[in-house]
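Report on the structure given below.
What you see is a predicted model; the values in this text were computed from it and never measured. Throughout, protein chains are lettered first and strands after them, A, B, ... in sequence-line order, and every chain is numbered starting at 1.
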Amino acid sequence: MIDLKLLQKDFDAMSAKLSRKKVDTSLIADLKKKNEELKKAKTEFETLQAMQNSMSREFGIYKKEGRDVSELKEKVDANKINIAAALEMQRERQEELETLAMSIPNMPDDNVPDGADENDNIEIKKVLAPREFTFTPKEHWELAEQNGWIDFERGVKLATSRFSVSFGMGAKLERALINFMLNFNSKRGFEEVSVPVIVNRNALKGTGQLPKFEDDLYKIDSQELFLIPTAEVPVTNLFADEILEESQLPIKMTAYTPCFRKEAGAAGRDTRGMIRQHQFHKVELVAITTPQTSDKVFDEMLACASDILTALELPHRLVTLCTGDLGFSAARTVDIEVWLPGQNTYREISSVSNTRDFQARRAKIRYKDGDKNSMVHTLNGSSLAVGRTLVAIMENFQNEDGTITIPKVLEPYLGI
RNA sequence: GGAUCUUUGGCAGAGUUGGUCGAAUGCACCGGUCUUGAAAACCGGCGAGGGUUAUACCUCCCAGAGUUCGAAUCUCUGAGGGUCCA
C-alpha cells in the first residue's frame, strides 16, 4: 500500500510518480480526500468515546459511594446513540478508503524508464552469445514430443488446457533443475524454506495479489483459500505482522513451490508448449531488508539468477522494465530473458523486483529502527522458472537429429 | 465427526465474584552506577497502531457478534492449539 501520510504531506510528488504508472491523478486526489474524511470521522467518534469512558468511570465511583446514578445514566444513554452513529460513519469512511488505497499500485523508482509496454524496456546487458546453428533449430514442443519428455495431450485429459505431463528424462530434468537451483541459492546465502502452497486471503492482500487480481487466482470454493501464484506470497508473508530486530536483517530465503495461475486475459498467447501453463514449478528468492540495503540485496538476487543461467550455459539478457510493464507491487523490476533459438527470441525466465515498503506496509512487516519501528523493504525474484528453463535447455542444447545434450552441471543431479 | 480444556505484551506467565488493567511478575532487551574490561549486583526504561509540537485522548488481551453505564474478565459464533472418545 502506498504511504497515506506521505500522500497527505506531499500530494504533488506522489501523484506525479503514480501518474507515470498510469494512475489517474483524480484517483489520488480522491484518496487524499477520503483520508481526510476518515480522519474527521475518527476524531468525532473518539471525542464521543472519551466522553463515554469518563462518564462510565464516574458511574463506578457513584456506585461505590452509594450516590444516585439515574441522571448520569440518562446522559450516558443519550450519548450512546451518538456514538453508534459516529462509529457507523467512521466505518464507512474506513472501508471506502481501504478499498481505494489497496487497489493503487506502488510508485516506480525515479530511475525507472518511462514507457508503455515491454517494447520500451531497456536492455542492460547480454550474457553469453547465442550459439550458431548449422541447421534450423526446432521449437521446444517439437523436441519435447520427439524425445518423449513432455506430453501435452495427457495433461489436458487430466485437467484442462495449459496442463502437461513430464515423462522420463523430462521429469528427471525438472527435479534436477529444482535441486540445482535450490543448492545454488543456498550457497549464495539464501536459506531454504518449504511453505504451504495454499494460502488465505490476508496473505494475498499482503503481497498485493488481492483485492485487485482475484481473477488470476485459483480459489478453493468451500473455503477462503487460494492456490499460490508464486512462492513470493507465502514466503514474504512469513513475517507478516511482526517486528524484526535490525540484526536479523537482511533475511534471505529461497523456496521451491509449484505455482498456479489462471492466466486470465492470456487467451491465445503461448498456447503451444509449456511457456504459459496453469501449473508450473518455480524456485523463488525472497528477501526482507532494511531500506538501506535493499538495493544491494537486489543486485545479489539478480546476480544469483543470472549466474544460474550462466552455469547452465544458457545465453540470456537483463532488461530493466519500463513504467508500463512494471507489476502492481514493484517499484523496480529487472527481468532476465533467456535466448530461445527455436523461437529466435529472448523470453522472460526470471523477474527480480524491489517492492520497497509497499508490501511491508500491507503485510505489516516492520523492524526496530533505533527506538522506532520502520517498514522493511521486501524483494522477490525467480531463480528460476523451472519449466521455462527446461524449454531453454531443449532449444539451446538440441542436436540436428533432435536429441538433446544435457548441461554438464546437471549431471550429478541426474545420477549420470 | 463427538466431548472437554485452552488462546493475554519478544518469550514465559498472573489476572475469571465485570469498574482507575494496556494489564502483576520473571526472562530477554536498552540506558546508567560499579569495574582496567566483562560478568554479577543495584537503579531506571521497555507492547502495538492512531493522534498531538508535546501532552491529552482513542483503539487493541485470537477473530466477529452480543449483554452492560462499564468486559481481558459474562454469553453466542468462528478460527488456532491441547487432551480424551470414536
* Asked: Using purine N1 to pyrimidine N3 plus N6-O4 or O6-N4 for Watson-Crick, or N1-O2 and O6-N3 for G-U wobble, each under 3.5 Å, what pairs with B:rA14?
  ->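 Answer to the pairing question: none, since B:rA14 forms no Watson-Crick or G-U pair.
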* Asked: Does any nucleotide pair with B:rA3 by Watson-Crick or G-U wobble geometry, both distances under 3.5 Å, and what is it?
  -> B:rU83
When the [atom1] atoms of [M] and [N] are compared, how many Å lie between them, rounded to an integer?
| N | M | atom1 | value |
| --- | --- | --- | --- |
| B:rC61 | B:rG10 | C1' | 16 Å |
| B:rA48 | B:rA56 | P | 16 Å |
| B:rG82 | B:rA24 | C1' | 26 Å |

* To do: For nucleotides 68-78 of chain B, just jot down a letter per nucleotide in 5' to 3' order: B, S or -, based on protein non-hydrogen atoms under 4.0 Å.
  => -BS--------
* Asked: So, A:Lys205 side chain and A:Arg362 main chain: donor-acceptor pair closer than 3.5 Å or not?
  ->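 Absent.
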Which atom pairs, donor and acceptor, lie under 3.5 Å between side-chain atoms of residues 308-316 of chain A and protein residues at least two apart or in another chain?
{"unit_1": "A:Thr310", "atom_1": "OG1", "unit_2": "A:Ser306", "atom_2": "O", "d": "3.0"}
{"unit_1": "A:His316", "atom_1": "ND1", "unit_2": "A:Leu314", "atom_2": "O", "d": "2.8"}
{"unit_1": "A:His316", "atom_1": "NE2", "unit_2": "A:Ser306", "atom_2": "O", "d": "3.3"}
{"unit_1": "A:His316", "atom_1": "NE2", "unit_2": "A:Ser306", "atom_2": "OG", "d": "2.8"}

* What do you reckon, is CD of A:Glu118 surrounded by more than 12 foreign heavy atoms closer than 6.0 Å? -> yes
OP1 or OP2 of [N] sitting under 4.0 Å from any side-chain N/O of [X]?
| X | N | answer |
| --- | --- | --- |
| A:Lys42 | B:rU52 | no |
| A:Asn53 | B:rC57 | no |
| A:Gln49 | B:rC57 | no |

* State the CD1-CG distance between A:Ile404 and A:Leu390, to the nearest 0.5 angstrom. =>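 A:Ile404 CD1 to A:Leu390 CG: 8.0 Å, rounded to 0.5 Å.
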